[in-house]
Amino acid sequence: MSQRELPPNFSSAEVEAPLYEKWVAAGYFTPDVASDKVPYTIVIPPPNVTGSLHIGHALDHTLQDILIRMKRMKGFAALWLPGMDHAGIATQNVVEKQLATQGLSRHDLGREEFVKKVWEWKSESGGAILGQMRRLGDSVDWSRERFTMDEGLSKAVLTIFKRLYDAGLIYRAERIINWCPRCMTAISDIEVDHSDDEGELVSIRYGEGEDSIVVATTRVETMLGDAAVAVHPDDARYTHLIGKTITLPLVNRQIPIVADEHVDPEFGTGAVKVTPAHDPNDFEIGQRHSLPNFVILSPEAIVIGTGTDFDGLDRFEARKAVVKTLRAQGRIVAEKRPYIHAVGHCQRCDTTVEPLLSKQWFVKVDSLAKAAGDAVREGKVKIEPESLSPRYFEWVDNMHDWCISRQLWWGHRIPVWYGPNGEVIVTGPDENAPAGYTQDPDVLDTWFSSALWPFSTLGWPEETADLKKFYPTSVLVTGYDILFFWVARMMMFGLFATDGVPPFHTIMLHGLVRDKFGKKMSKSRGNSIDPLEFMDMYGSDAVRFTLARGANPGSDQALAEEWVAGSRNFATKLWNATRFAMMNGATVEGDLPEFESLNAIDRWILSRLNSTISEVDVLLETYEFARACELIYHFAWDDLCDWYLELSKEAFATGTAHDSKRVLGHVLDQLLRLMHPIMPFITEELWTNLTGGESVVIADWPTSNPLHEDAAGEKLILQVQEIITEVRRFRNDQGIKPSQRIPGQFHAPEEFARYESAMRFVLRIDHPEEGFFTASKALEIGKFKIELDLSQSVDVVAERARLSKDLAAAKKDRETAIVKLSNEGFMAKAPENVVVEIKARLAKTDSDIERISTQLEQLPSA
RNA sequence: GGGUGCUUAGCUCAGUGGUAGAGCGCCUCGUUUACACCGAGGAUGUCGGGGGUUCGAAACCCUCAGCGCCCACCA
C-alpha cells in the first residue's frame, strides 16, 4: 500500500530552474534599497576562475547564501556583492597553456590578440561558473556581475591609483623583486611559496694566501655577480682584511671586503659573498656600501654579461659548471650535499623564483597597514573566530612594500605615462596623457583591483545610492587562507579610499575543505572533490547541508561522499515526513489551538520547536553553522520524525487528531522556514505544497514563542520515551519481533492515562482479553508498570542478563553518588543545585536497585 | 627561526569545571499503514604521556611527546 517515494533530484535543471526563476520573480535577488531596516551586505571573494567550481568556492557561497537568505527573511535589505569575473594570473596561465599546445606563446600573438583570447576564454568559463553557482541556490544579484575589466571598475582603479600616487604612497624604484622566469613577471612576496628543497651548500675560497677568505653559498652561479665580501665589524678573525680588496675567481674582478652588521659571525665562516643584483639582503648591503650591481641573469634566468664562458647557460646548468671549474682550480673548500633549505617557488607554476634587480612600482604600506591593523585592534572590525586574529596582526604589522607591477598583458594597465623628456604623469579617470607620451607597459597586480571590491562594486567613486546604503558592508565570509591576499588589502584600500571607514565590520573566516582523512586536497594526490559530481548524485541541498554541517569557525573540515549521502538521506527523510504529515491532514489553516488545551505530546513538540528556533537563530547570527545544522538535524529527525510522528500516529489513525493536525502543520511550516537557508530547494518545494504560500524565500523568519516553553510537558514526554525504550529493549532481548502484537495491562500514574493508547500503538501492545495471563511478565519503569502476557515462556536467561546489567549500572551510579555525598569538601563547596542533583540520583538508584533485585529474585531459576 | 592550532569511539569531528557526545562504520532483529536513502535495540573511549590547581578536570596551569598549518631575505 505504501509506496516508496523519493524526492526529485534538486540539482537537475528541470526541478531547480523553475524554483530559481520563481525566486527571481519574487524579487528575492533585488535588494530593497528603500527598506528601513539596517542593510546587510556580504562580500564574496573573487574566485580564481578556472572554468569549474572548486569545493572551496562551494563552501564560500553556501555560507554566504545561508546568511543572506536568513537576513532577507528577517526583512533586511540584504545584498551580496558579486565577484565572479575576476582576473588573475591564473586566467592568463590557462590561455597561455592553451597556446602552448599549439606551440605558441603570448608574444607570438601580441598584446591585443592575447587579451582578446583571454576575454573569449573568460566569457565561456565565467558563464560556466555562474551556472554552477546557481545550482547551489546562490542568491547573488546577477545584474551586478562582470565588473573586473569594465569601465566601472577601471574608474575605481584609476581613481585609487592617482590618490595613492598623489599621497606619495605609490612609487617606482629599482629593487630586488621575486621574478618568475616562466611567467616572465614580477610577483609579490605572498605569491611565493617556500618549500624545503634539496640543494647544495658550497664553500669557496676567494683570494690568495693570508688574504684569502672562505664564503659559502647555495647559489654558486651568483658568485659571477659578486660585488664584495662582507664580514661582521666585530669579528676579530677578519678585522685585518676589512677595507682590502680581493680577486673574485673566474671573473678576476677586484672586490672589496666590507664590514656590515647584517653578517652573522656564528654562521659558517662568518664571511658572506655579496651579490647586490640577485639577493635582497645583498642588495641592502650594497646600498650601504655603494657597491655596483652586476646583473648576471636575464629575465629567462640565463647567465649574461659576465664575460666568462658561462654566458648563455641556464642558471642551473651554470651552477654545476661553476662548481666544476672552481673545483678544478682547487677553490672548493667544502661541499654539503644535499643541503635542505627553503626555496621560493612561483605559486602559479611552481618554477623556482629568482630574486632579480628590477625597476617596479610599489605601494608604500606603512601607514596603510598600520591603519588596517588598528581597525581590528580598536574593535572597529571583528575577526571571527578571534583566534585567527594573531595571524592577521603578524602579517599586517610586518608587511614589506607591495610590488604591484606585473609584466603581463591581462589586467589593468598602470596609468602612468612617460613624456619624451623624462616626464612622468599619472592619469586619473577621464584624463588623457599629452600627445607623444607613452604608457607604462605593465599591468597591476590582480589583488590591487580586488582590494577595491567592497566599494567599487557599489559604484565608487561615484556617490551612488547603493554606496550610501550598503557601505560599509556587514560581513566578509571567506577562507582563512585568503586573509593576507585579499582581506588585509581590502582593509588597507577601504580605509584609505573612504577616509577611515573599514570596508566591513566582521570578517568571518571558515576553514578549508579536506578529504575524508583530513588530508589536503590536491590534484597530484587524486583526492580532489568535485562538488558538481556530488550535486548530480545527491542534490545541491545535500552538498550545501554537508558543507554547512562541517563548517566550524576557523577550522578545516573533512568531506567524504558518505557525508553527502547522509545529507541526502536527511533530505529524503524530511520529504517523506512532510508527505506523511500532509496525508494525515497537517494544516496551517486557522489559528493555533490554545496552548494549554493541547495534549502533552503537542505541547512537547511546540516547546522543542521553540527552543530549536531560538538556538538556531543565535547560532546562525554568530556564524556557528555546524552547530545550527546539528540542532536542526536532531530536531527534525529525532524529535519530529522518531517521536512526535510516532506518538501521534494513533491519534491520526483514529481520527482524534484535530489539534495535532494544526500543530503538526505549524511545526513543519516553521521548521521548513528555519531550514530554508540551509536547504533552499527542497524546503521551497515542501513549504509551498504544505502552506500554499507563494515562496518560502519571502516568508518571514520563524521566531520563538515564549508561551510555548513547557518544562512539565517536556518532562512527561521524556518519561514516556524512557518507558517506550525500556519496553522495546525488553521485547528485543526476548526476541519478540517488532510487528508481533502482545496483550498487556498498564498500571500507571494518572498523568500517563491520556497517553496510554498512543504508547500501546507505538509498542504494539493490545488490551488484555479473556484469559489474559497476568503473571507472565511485569515490567517496571519508575512508577510505571506494564504486565505482559507472553504466549511463550519468558526467555529467562536473556531476561536475567538484561536485569543484571541494569542492576550493575544502578549500583555503579549509586556508588559514585555516595562517594560524592560523603566527601566533606564536596558538601561544603559544591553549589546547591549540584548537590540536589546528586541526591536525587542517589534516591533513584536506590529505588531502581530494589525494584530490579526483586524482579531478579522472582525469575524462575532457569 | 617566529606565529598558531591539533591529539576524545574503527574513521571524521563536536564538547571552555558537575555521571563522556554526533555522523558514518560495526553487531542483532525487522517490509509495523511516511521513509530500507528506513525502523528498533546493542557494542565500542583509564578524552596523547606525566605533574599541578580544584570538593570535582576531557575542559584551567606547567611539562614532555607526536602531528599540522601560516609566516620568514639566514649566506
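Residue numbers begin at 1 in each chain, while the letters A, B, ... track the order of the sequences.
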[M] and [N], which share atom name [atom1], separated by this distance in whole Å:
| N | M | atom1 | result |
| --- | --- | --- | --- |
| rC60(B) | rC47(B) | P | 16 Å |
| rG39(B) | rU31(B) | C1' | 10 Å |
| rG41(B) | rG23(B) | P | 13 Å |
| rU54(B) | rC61(B) | C1' | 12 Å |
| rC37(B) | rU4(B) | C1' | 41 Å |
| rG45(B) | rA58(B) | C1' | 11 Å |
| rA43(B) | rG21(B) | P | 13 Å |
| rC13(B) | rC69(B) | P | 13 Å |

Side-chain N or O of [X] less than 4.0 angstrom from OP1 or OP2 on [N]?
| X | N | answer |
| --- | --- | --- |
| S555(A) | rA14(B) | yes |
| K805(A) | rA43(B) | yes |
| Y480(A) | rG5(B) | no |
| K649(A) | rA34(B) | yes |
| W637(A) | rG39(B) | yes |
| T725(A) | rG41(B) | yes |
| N398(A) | rC71(B) | no |

Inspect the contact between R288(A) and D260(A) and indicate whether a charged nitrogen and a carboxylate oxygen are less than 4.0 angstrom apart.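 Judged by the 4.0 Å cut-off on N to carboxylate O distance, D260(A) and R288(A) do form a salt bridge.
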
Do the charged groups of R802(A) and E726(A) touch, with an N to O distance under 4.0 Å?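 Between E726(A) and R802(A) there is a salt bridge, with a charged N closer than 4.0 Å to a carboxylate O.
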
From [options], nucleotide with atom closest to [X] side chain:
| X | options | answer |
| --- | --- | --- |
| H194(A) | rG18(B), rC74(B), rC73(B) | rC73(B) |
| N576(A) | rA34(B), rU19(B), rG42(B) | rA34(B) |
| K573(A) | rA14(B), rC38(B), rG18(B) | rC38(B) |
| D189(A) | rG18(B), rA72(B), rA34(B) | rA72(B) |
| K520(A) | rG18(B), rA75(B), rC70(B) | rC70(B) |
| C641(A) | rU32(B), rU19(B), rA34(B) | rA34(B) |
| T218(A) | rU32(B), rA75(B), rA72(B) | rA75(B) |
| W563(A) | rA34(B), rU19(B), rU12(B) | rU12(B) |
| R391(A) | rC69(B), rC37(B), rG42(B) | rC69(B) |

In the structure shown, which nucleotide is the Watson-Crick or G-U wobble counterpart of rC69(B), with both distances under 3.5 Å?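 By the stated definition (distances under 3.5 Å), rG3(B) pairs with rC69(B).
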
Does a distance-only test, which skips hydrogens and angles, find a donor-acceptor pair under 3.5 Å between the side chain of [X] and the base of [N]?
| X | N | answer |
| --- | --- | --- |
| K737(A) | rC29(B) | no |
| R568(A) | rC37(B) | yes |
| R764(A) | rU32(B) | yes |

Where each residue is assigned the nucleotide of RNA chain B containing its nearest heavy atom, which of P390(A) and N823(A) is assigned the position nearer the 5′ end?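 On the 5' side of the pair lies P390(A).
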
Quick check: on RNA chain B, is the nucleotide nearest D638(A) upstream (toward 5') of the one nearest V272(A), or the reverse? Name the residue that is more 5'.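 Nearer the 5' end of the strand: D638(A).
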
Provide, to the nearest angstrom, the distance between the [atom1] atom belonging to [X] and the [atom2] atom belonging to [N].
| X | N | atom1 | atom2 | answer |
| --- | --- | --- | --- | --- |
| N569(A) | rC35(B) | CG | C1' | 10 Å |
| K811(A) | rU19(B) | NZ | C1' | 19 Å |
| E650(A) | rU33(B) | CD | C1' | 14 Å |
| N689(A) | rA34(B) | CG | P | 19 Å |
| E221(A) | rA75(B) | CD | C1' | 13 Å |
| L483(A) | rG5(B) | CG | P | 14 Å |
| D264(A) | rC74(B) | CG | C1' | 7 Å |
| D193(A) | rC71(B) | CG | P | 7 Å |

Determine the contact category for [X]: base if any of its heavy atoms lies under 4.0 Å from a base atom, sugar-phosphate if only primed atoms, P, OP1 or OP2 are that close, otherwise nothing.
| X | value |
| --- | --- |
| R841(A) | base |
| E646(A) | base |
| E394(A) | base |
| H400(A) | base |
| F570(A) | nothing |
| Y339(A) | sugar-phosphate |
| A558(A) | sugar-phosphate |
| F484(A) | sugar-phosphate |
| T578(A) | nothing |
| D556(A) | nothing |
| D282(A) | nothing |
| P355(A) | nothing |

Describe, in one word, how the ring planes of Y633(A) and F545(A) are oriented to each other, choosing from parallel (under 30°), tilted (30 to 60°) and perpendicular (over 60°).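 Ring orientation, 0 to 90° scale: parallel.
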
Is it true that [Y] and [X] share a donor-acceptor pair across their side chains at a distance under 3.5 Å?
| X | Y | result |
| --- | --- | --- |
| E722(A) | T725(A) | no |
| S567(A) | T546(A) | yes |
| T275(A) | K273(A) | yes |
| T478(A) | H510(A) | no |

Stepwise salt bridge (charged side-chain N to carboxylate O under 4.0 Å, His left out) check, R315(A) with E221(A): CA-CA 7 Å; R315(A) 55 182 160 163; E221(A) 72 282 6; over 6 Å; no

For P276(A), give me all partners under side chain to side chain contact (heavy atoms under 4.5 Å, CB included), at least two apart in sequence or on another chain.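 Checked P276(A) against side chain to side chain contact (heavy atoms under 4.5 Å, CB included); matches are A227(A), V274(A), L291(A), N293(A).
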
Do K649(A) and Y644(A) form a cation-pi contact, if we require the NZ or CZ to be under 6.0 Å from the six-membered ring centre and within 45 degrees of the ring's axis?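 Verdict for Y644(A): no cation-pi partner in K649(A).
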
